[in-house]
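Numbered from 1 within each chain, the chains take letters A, B, ... in sequence-line order. Nothing here was measured: the structure is a model prediction, and the numbers come from that model.
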Amino acid sequence: MNYWLMKSEPDVFSFEDLKARPGQREPWDGVRNYQARNFMRDEMKIGDRILFYHSNTNPPGVAGIAEVASEPYPDPTAFDPKSKYFDPKSDAEKPRWMLVDVKYQADLNRLVSLEEMKGMAGLEDMRAIQRGNRLSITPVTKQEFAAIQKAGMRQS
DNA sequence: GCCAACGTTGGC
DNA sequence: GCCAACGTTGGC
């Protein structure tokens with residue numbers, strides 16, 4: 001099993017929003033970065049665990065645990081001229097953007113903030129917490145995932 | 001709202 | 001294929 005960190009702006013789509021969706025699942029649409037797409041298209045497997053991270057909010061941090069819930073498939077928003085994610089260079093014959101469905105998996109007792117993660121032992125190499133990192137999907141090691149989930153289960 | 005970081009675009 | 005200009009992300 002692989003582990004991931006996926007960012008979302010809670011004003012746009014939060015962990016609570018995911019829990020409230022029918023089936024508690026949602027297509028992870030709108031990714032328009034090739035590295036992030038390649039992770040979804042080439043490396044994600046159903047059942048992979050996800051740290052659901054809230055960005056562009058105060059404080060930013062990991063809000064809950066999700067999982068990969070589908071095989072990769074073309075991002076339909078790329079074909080929709082009315083979508084803000086519309087990409088005229090993507091077509092159904094040769095779709096440029098692929099996504100997976102993401103599903104709620106478990107709650108944390110509290111948010112694990114970016115600030116806290118930066119101070120945690122064992123997370124020094126985590127790409128998601130490096131300064132200047134903008135990639136919305138990054139791989140996480142099993143140990144990093146476990147440390148963050150454990151921190152989030154501790155009552156503060 | 002500022003701005004550093006960095007991915008993408010397009011002229012050459 | 002280089003690289004300057006531009007746009008976006010996201011912490012602060």
- Let me know the distance between CZ of A:R131 and P of C:dC12, rounded to the nearest Å. 9 Å
- Query: Taking the six-membered ring where the residue is Trp, are the ring centres of A:Y85 and A:W28 under 6.0 Å apart?
  - Reply: no
- Are A:Y53 and A:W4 near enough that their ring centres are under 6.0 Å apart? no
- Query: Can a side chain N or O of A:K7 be found less than 4.0 Å away from OP1 or OP2 on C:dG10?
  - Reply: yes
- Item | Carboxylate-amine/guanidinium proximity below 4.0 Å for A:D75 and A:R32 | yes
- Would you kindly give the CD-to-P distance between A:E115 and C:dG11, to the nearest whole Å? 12 Å
- Task: Would you mind reading off the distance between A:R127 atom CZ and C:dG10 atom C1', rounded to a whole angstrom?
- Result: 15 Å
- Is the A:Y104-A:F15 ring centre distance short of 6.0 angstrom? yes
- Item | Closest-nucleotide 5' rank along DNA chain B - winner of A:R134 and A:N56 | A:N56
- Task: Ignoring backbone atoms, establish whether A:Y53 has a side-chain N or O less than 4.0 Å from OP1 or OP2 of C:dT9.
- Result: no
- A:Q35 CD to B:dG7 C1': how many Å, rounded? 9 Å
- Can you tell me if the side-chain N/O atoms of A:K118 get under 4.0 Å from OP1 or OP2 in C:dC12? yes
- Whole-Å distance, A:N133 CG to C:dG10 C1', equals 10 Å
- Rounded to whole angstroms, how far apart are CG on A:N33 and P on C:dT9? 10 Å
- Return the value, rounded to whole Å, for the distance between atom CD1 of A:I129 and atom P of C:dG11. 12 Å
- Item | Gap between atoms CD1 and P, on A:I137 and C:dG10 respectively (whole Å) | 11 Å
